[in-house]
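To find a chain, count down the sequence lines: A is the first, B the second, and so on, and within it residues start at 1. When reading the values below, keep in mind they use all heavy atoms of this one structure, side chains included, and skip hydrogens, waters and symmetry mates.
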Amino acid sequence: MGTKAFNSKVLKEESRPSIVQRMENQERQKKFEQKQKEVEKEIRQEQREALKQGIRPKFVTNKEKSLRMAEDEWALIPDQHQRTIVHIDVDCFYAQVEMVRDPSLRDKPLGIKQKNLMVTSNYVARSMGVKKSMWIKDAVKILPNLVFVDGSDLTHYRQFSTEISAVAQSFTPNVERLGLDENYVDITDIVGDYISPEYSAIEGHVFGDKEEDRKVLGDPCGCGCLQRLTAGSHLAKKIRQQILETTGITCCAGVAHNKLLAKLVSGYYKPNQQTVVFPWQAHDVMESLKQARSIPGIGSTTFKILEDLNISTVQELQNASLSTLHTRFDEETSKRLKDLSYGIDEGLVRKSGKPQSIGLEDAFKKTSKQKSWDLTSQTHQPAKGRLKQKVKERKPQRLKPKALLNLM
DNA sequence: ATGGGTCCT
DNA sequence: AGGACCC
């Protein structure tokens, strides 16, 4: 609980360098950002041109960017990859929760089932050849002594999930939940506390972890992202440690200057490990994906359209011309898709608040074309009851189940 | 796959 | 209200 371990490591006030340069003058700040955008647009345009000619666009450092902006006074603020983002991803979440609740399951191969599906399994099971999501009957074929726990009641998972987010929130309020087992944490505002010689080595893996990467790392950018992300790796470690201490749950983390890269990289070394990626490695990260579909933000519908356009790999998306994309997507989306393919993502970490809705859906077969459902009919009563129950559990006294039955 | 979720039109 | 995305 609390942040004791964290605070004890915090550096003395005067040795703490300030990271996010606060501009006193709003006007100046605005102009700077505007100029910055122009230059970035220019650069992106150039990179696309380069691609059209079959040349691989090179990473443009912030030093170079500042130089380009040098005719203006705003060029003096060199902060480019200003943010530091951590993506936290719990290892086989449901299975871990069950193992914490019943430690005797720890060393057994464990599968979590919902209906006929094994939705996840622990690492013991995985090491014995059981895949992530399989039909129960297939899983049992591979591993007859697989132990199953029913995971269709999500209440415990929700409890652990909010506890995990709460740990992250004890570091900074800027936490975005994604499903039950993932969190984005924007640590930009606190990462400065971890920039110091004490923390100058990178904690955990660097993307493309080879011995060289650790030593040869110069500072090709110069905006401070090297230091911030390095510090971020220590903060990520702290967060993971604290999650483990308070909940008994292990997780992976990815550290990057944007959400996309942080997420892509967090699962790179599993389980219970973490990975940092630097801006100049964005291309390598993206190249490590094959299908454009595996870019978060490109879902099945978008991917189908891309396939129509004969674009299915990340590289093909990188190479696609904006005008081609524009035939099927609006301008914003086209630009966004191309950005994603390069590992560019300006998306903000948005604070997750209280859940916006509590829902319950039953899938039932259509028997015939039906215009309206009879809500008073018996078939709906069970669902109605369960929903009431759910609301009761999760909203102890507030909110009456009044406008809740919004069927259709 | 299924059953929650969120955000954007 | 529907459709896109996410796990």
Side-chain angles (χ1 to χ4, degrees), chain A residues 85 87-97 111-121 131-139 150-162 164-165 175-184 249 251-252 254 259-260 262-264 266-267 270 289 291-307 328-337 339-340 345-366 371-373 382-383 386-387 389-391 393-395 403-408:
Chain A
I85 312 265
H87 177 261
I88 295 175
D89 194 341
V90 181
D91 305 318
C92 52
F93 180 47
Y94 290 4
Q96 270 208 87
V97 170
I112 307 301
K113 64 164 196 220
Q114 285 172 351
K115 304 264 174 75
N116 297 317
L117 198 68
M118 185 190 69
V119 288
T120 190
S121 58
K131 293 280 184 278
K132 249 173 132 178
S133 80
M134 290 175 91
W135 295 108
I136 305 263
K137 56 177 167 83
D138 297 333
D150 187 86
S152 30
D153 180 0
L154 302 185
T155 49
H156 302 113
Y157 306 141
R158 287 202 192 92
Q159 281 162 8
F160 274 82
S161 174
T162 52
I164 288 163
S165 297
V175 177
E176 175 179 342
R177 290 160 53 76
L178 195 59
L180 292 181
D181 66 341
E182 291 183 25
N183 289 274
Y184 287 107
I249 296 273
C251 50
C252 288
K259 285 166 76 176
L260 209 214
K263 173 162 174 139
L264 284 177
S266 68
K270 296 200 277 201
L289 310 172
Q291 295 287 74
R293 177 65 238 265
S294 43
I295 298 174
I298 298 184
S300 60
T301 353
T302 307
F303 186 63
K304 270 197 197 97
I305 299 175
L306 286 174
E307 277 184 313
R328 301 290 296 276
F329 304 101
D330 66 32
E331 200 145 347
E332 268 308 292
T333 317
S334 307
K335 194 176 112 10
R336 162 102 180 129
L337 290 171
D339 281 351
L340 288 175
D345 174 23
E346 326 242 287
L348 302 177
V349 172
R350 355 173 124 250
K351 274 175 261 209
S352 300
K354 302 255 152 265
Q356 310 286 305
S357 71
I358 298 172
L360 190 151
E361 271 175 52
D362 265 344
F364 37 91
K365 288 199 181 112
K366 271 187 207 138
K371 277 271 178 73
S372 65
W373 308 95
R386 279 185 288 142
L387 181 54
Q389 186 52 36
K390 242 172 106 176
V391 173
E393 280 160 14
R394 290 171 59 194
K395 295 247 170 189
L404 280 178
L405 266 192
N406 246 344
L407 294 188
M408 299 170 295

Base, sugar-phosphate or nothing for A:S133? Non-hydrogen atoms, less than 4.0 Å.
nothing
When we call it a touch if two heavy atoms are under 4.0 Å apart, what does A:R177 touch: a base, just sugar-phosphate, or nothing?
nothing
Would you say A:D181's side chain and A:F93's backbone share a donor-acceptor pair under 3.5 angstrom?
no
Just to be sure I understand the rule, does A:R293 reach a base, reach only the sugar-phosphate, or reach nothing, if contact means heavy atoms closer than 4.0 Å?
sugar-phosphate
Checking contacts here: which listed nucleotide (B:dA1, B:dG4, C:dC6) is nearest the side-chain heavy atoms of A:R158?
B:dG4
What contact category does A:S300 fall into here, base, sugar-phosphate, or nothing, at under 4.0 angstrom with non-hydrogen atoms?
sugar-phosphate
Between B:dT2, C:dC7, B:dA1, which nucleotide has the shortest distance from any of its atoms to the side chain of A:L117?
B:dA1
Counting only N and O atoms by type, is there a donor-acceptor contact under 3.5 Å from the side chain of A:K263 to the main-chain atoms of A:G254?
no
Classify the nucleic acid contact of A:I298 as base, sugar-phosphate or nothing, counting any heavy atom under 4.0 Å across all strands shown.
sugar-phosphate
Sidechain-backbone polar pair: A:Q114 side chain, A:V119 backbone, donor-acceptor under 3.5 Å:
no
Has A:R336 got a side-chain atom pairing as donor or acceptor with A:G297's backbone, closer than 3.5 angstrom?
no
Counting side-chain heavy atoms from CB outward, which of C:dA4, B:dC7, C:dC6 is closest to A:R350?
B:dC7
Describe the nucleic acid contact of A:K259 in one word from base, sugar-phosphate, nothing, applying a heavy-atom distance below 4.0 Å.
nothing
Regarding the side chain of A:K263, the nearest nucleotide among C:dC5, B:dA1, C:dC6 is C:dC6
The nucleotide from C:dC6, B:dA1, C:dC5 with an atom nearest the side chain of A:T302 is C:dC5
Picking from B:dA1, C:dC6, C:dA4, which would you name as closest to the side chain of A:T301?
C:dA4
